[in-house]
Amino acid sequence: MADAKESAAGPIKAELLSEGKTKQIYAVKDDPHHVIVVNKDRITAHNAQIAHDLEGKAECSNATNAKIFTYLNTAGVKTSFRRLLDESSYLARRCRMVPIEWVTRRIATGSFLKRNPGVEEGFRFSPLKLETFFKDDAANDPEWSKAQVLSISLPELDGPVKEWQYNSMASATIAVFEMLERAWAAQRCTLVDMKIEFGVDVETGEILLSDVIDNDSWRLWENGKKELMKDKQVYRNLKDFSVEDMKRVKVNYTWVKDKLDGFTDGPQNTVVLLMGSASDAAVGDDIKKHCEKLHLKLDRRIMSAHKVTEQTLNTVRYYNSLPTPVVYIAVAGRSNGLGPVVSGNTTLPVINCPPVKKQEQTHDVWSSLSVPSGLGCSTVIYPETAALHAASIFGLTDHRVWSRLRGLQLQRELALQKADLTLQEQDVL
């Protein structure tokens with residue numbers, strides 16, 4: 001996808017393409033593939049049956065949306081968001097919006113209880129509850145089953161929704177919720193439920209996560225307590241809409257916007273790649289490539305537990321002393337003493353990744369597998385696996401790394417769906 005054509009001052013607004021309750025969408029001059037989205041100082045509820053001006057909401061929504069989409073882009077989710085332009089607007093890919101709201105629920109509350117009598121509030125869905133609603137204000141956005149979604153012809157998708165299109169949007173919806181749920185949990189907030197929408201890129205035909213994700217898009221409970229809700233439900237619940245009431249709504253929106261800065265906070269995770277000799281550099285380079293994809297800091301060292309034992313132990317002592325998370329990856333062939341020696345002198349995780357050749361696997365890997373008692377190092381034989389294993393260890397306590405792993409999982413799932421579709425189409429021909 002090409003970047004937006006810009007003047008020295010940035011993209012230039014052209015004609016107004018559409019206007020909704022809380023935003024306007026403009027074309028970009030001399031660029032048919034991007035749009036400028038402008039947020040309004042406006043808050044609404046119940047399909048705009050209730051609506052008020054709210055000074056500063058445009059800035060809050062714009063910043064919230066940018067932080068969320070930037071986080072998701074970094075995690076590997078394909079979205080229409082490109083970048084902020086100013087306090088109230090941002091640049092996005094131009095999409096034909098699919099008129100379906102995708103709702104994920106972790107906790108039963110709100111309208112779900114009305115539509116499902118007998119379910120107690122607070123019931124926890126595992127796996128997540130996924131629902132779809134057709135966007136139709138006049139009909140109050142009716143809930144649709146999967147069969148209904150697959151049966152309707154949508155001009156945005158050039159016909160009926162195909163099963164692979166439904167599955168790709170459903171998979172992305174679940175992944176997005178799980179990523180944001182983890183990130184909010186790190187801020188001591190419970191993501192109760194949320195809604196998102198997708199669009200079809202007018203240039204590439206790709207289905208992208210699109211529209212806006214802001215404090216209107218979810219239910220968010222600080223410390224998991226409903227009485228500490230921070231989302232638009234506070235506005236929905238108002239009766240008088242007094243000046244003080246609206247100030248409280250604004251305070252919540254500002255709180256959420258500021259709290260999102262914590263999404264990118266976290267410790268400096270370090271992978272220490274120890275190689276037994278310079279001849280192991282090829283495997284090390286492969287591990288480095290995969291660590292970089294996961295945004296993991298990598299320190300590379302060459303040393304031999306057999307030949308320079310004291311130097312090796314001093315290096316291990318240094319990394320053991322760091323106050324931030326460390327995982328060791330040991331690359332050493334033949335008689336691998338490197339990984340086991342490191343494991344015996346650290347409480348940190350150690351991953352052996354011996355540079356074995358296929359014809360040597362049956363005997364060269366044995367020293368990495370058969371280690372003395374009391375040692376907990378693991379062994380893998382592929383560099384990608386070593387990097388992923390290290391990332392999964394960091395991901396236990398770091399939502400940023402976990403989200404990148406979840407993003408890779410989503411990408412693999414969508415790639416397999418595409419490959420399967422291509423094969424089916426070939427068989428038809």
Side-chain angles (χ1 to χ4, degrees), residues 1-20 22-42 56-98 172 175-176 179-180 183-184 194 196-218 253-254 256-266 292-295 399-400 403-404 406-407 410-411:
M1 300 177 200
D3 290 334
K5 296 177 182 178
E6 302 180 11
S7 69
I12 299 173
K13 277 194 292 188
E15 72 274 17
L16 178 66
L17 298 174
S18 65
E19 183 167 5
T22 58
K23 63 182 179 293
Q24 298 170 315
I25 300 176
Y26 290 88
V28 177
K29 184 179 179 182
D30 299 325
D31 182 356
H33 303 138
H34 290 84
V35 293
I36 295 172
V37 181
V38 180
N39 291 281
K40 301 179 183 178
D41 279 338
R42 190 76 171 162
K57 181 178 181 292
E59 180 183 354
C60 284
S61 293
N62 199 46
T64 298
N65 179 71
K67 292 174 184 180
I68 290 293
F69 272 95
T70 299
Y71 184 79
L72 295 174
N73 282 339
T74 302
V77 179
K78 291 188 175 182
T79 81
S80 63
F81 179 84
R82 286 299 169 263
R83 67 180 186 278
L84 283 176
L85 295 176
D86 55 38
E87 289 187 348
S88 63
S89 66
Y90 67 91
L91 184 71
R93 294 290 297 177
R94 186 168 181 171
C95 294
R96 300 190 303 273
M97 295 303 298
V98 180
V176 165
M179 291 175 188
L180 298 182
W184 273 120
M194 71 176 296
I196 60 175
E197 296 180 36
F198 294 89
V200 180
D201 189 295
V202 297
E203 179 185 14
T204 67
E206 279 189 293
I207 297 176
L208 304 176
L209 177 65
S210 195
D211 200 49
V212 170
I213 299 178
D214 62 8
N215 206 32
D216 295 353
S217 306
W218 51 40
Y253 275 68
T254 302
V256 168
K257 178 199 69 170
D258 293 341
K259 203 73 172 175
L260 282 167
D261 291 336
F263 274 34
T264 54
D265 290 342
E292 287 174 344
K293 288 181 180 178
L294 292 160
H295 302 266
H399 60 276
R400 303 167 303 167
S403 291
R404 291 165 200 153
R406 186 65 178 90
L410 174 63
Q411 291 170 17

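What you see is a predicted model, and the numbers here were worked out from it, not measured in a lab.
Between K57 and D216 there is a salt bridge, since a side-chain N of the basic residue sits under 4.0 Å from a carboxylate O of the acidic one.
D211 meets the side chain to side chain contact (heavy atoms under 4.5 Å, CB included) test with K23, M97, E197; sequence neighbours excluded. The salt bridge (charged side-chain N to carboxylate O under 4.0 Å, His left out) check on R404 picks up nothing, with sequence neighbours excluded. Listed by chain and residue number, E178 satisfy the salt bridge (charged side-chain N to carboxylate O under 4.0 Å, His left out) test with R406 (two or more places apart in sequence, or in another chain). For S89, the side chain to side chain contact (heavy atoms under 4.5 Å, CB included) partners are I36, V38, L85, D86, not counting sequence neighbours. Residues meeting the side chain to side chain contact (heavy atoms under 4.5 Å, CB included) test with N215, sequence neighbours left out: W218, D231, Y253, V256. With sequence neighbours left out, the side-chain hydrogen bond (donor to acceptor under 3.5 Å, both in side chains) criterion links N65 to no other residue. Under the side-chain hydrogen bond (donor to acceptor under 3.5 Å, both in side chains) criterion, T64 pairs with no residue at all, not counting sequence neighbours. With sequence neighbours excluded, the residues forming a side chain to side chain contact (heavy atoms under 4.5 Å, CB included) with S80 are A92, R93, C95, L208, S210, listed by chain and number. Residues forming a salt bridge (charged side-chain N to carboxylate O under 4.0 Å, His left out) with E87 (at least two apart in sequence, or on another chain): none.
Across all their heavy atoms, N39 and S61 have their closest contact at OD1-CB, 4.0 Å. Smallest separation of non-hydrogen atoms from Q411 and G76: NE2-O, 3.1 Å. Pairing each heavy atom of P11 with each of L91, the nearest pair is CG-CD1, 4.0 Å. A pairwise comparison of heavy atoms in M179 and A75 identifies SD-CB, 3.8 Å as the closest pair. Across all their heavy atoms, C60 and T254 have their closest contact at SG-OG1, 3.7 Å. In terms of heavy atoms, T79 sits closest to R82 at O-NH1, 3.3 Å.
The side-chain heavy atoms of F69 and V77, taken from C-beta on, include no pair separated by under 4.5 Å. For the pair I213/M194, a side-chain contact is recorded, criterion being any heavy-atom separation below 4.5 Å from C-beta on. The side-chain heavy atoms of L180 and Y71, taken from C-beta on, include a pair separated by under 4.5 Å.
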Show which side-chain atoms of residues 257-265 pair as donor or acceptor with protein atoms under 3.5 Å away, not counting sequence neighbours.
unit_1: D261; atom_1: OD1; unit_2: K67; atom_2: NZ; d: 2.8
unit_1: T264; atom_1: OG1; unit_2: D261; atom_2: O; d: 3.2

If you look only at distance, which donor and acceptor atoms sit under 3.5 Å apart when one is on a side chain in residues 12-20 and the other is two or more places apart or in another chain?
unit_1: E19; atom_1: OE2; unit_2: Q24; atom_2: NE2; d: 3.3
unit_1: E19; atom_1: OE2; unit_2: K40; atom_2: NZ; d: 2.7

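Taken to the nearest 0.5 Å, the NE2 atom of H33 stands 8.0 Å off from the CG atom of D201.
Between the side chains of N62 and S88, no donor-acceptor pair is found at a separation under 3.5 Å.
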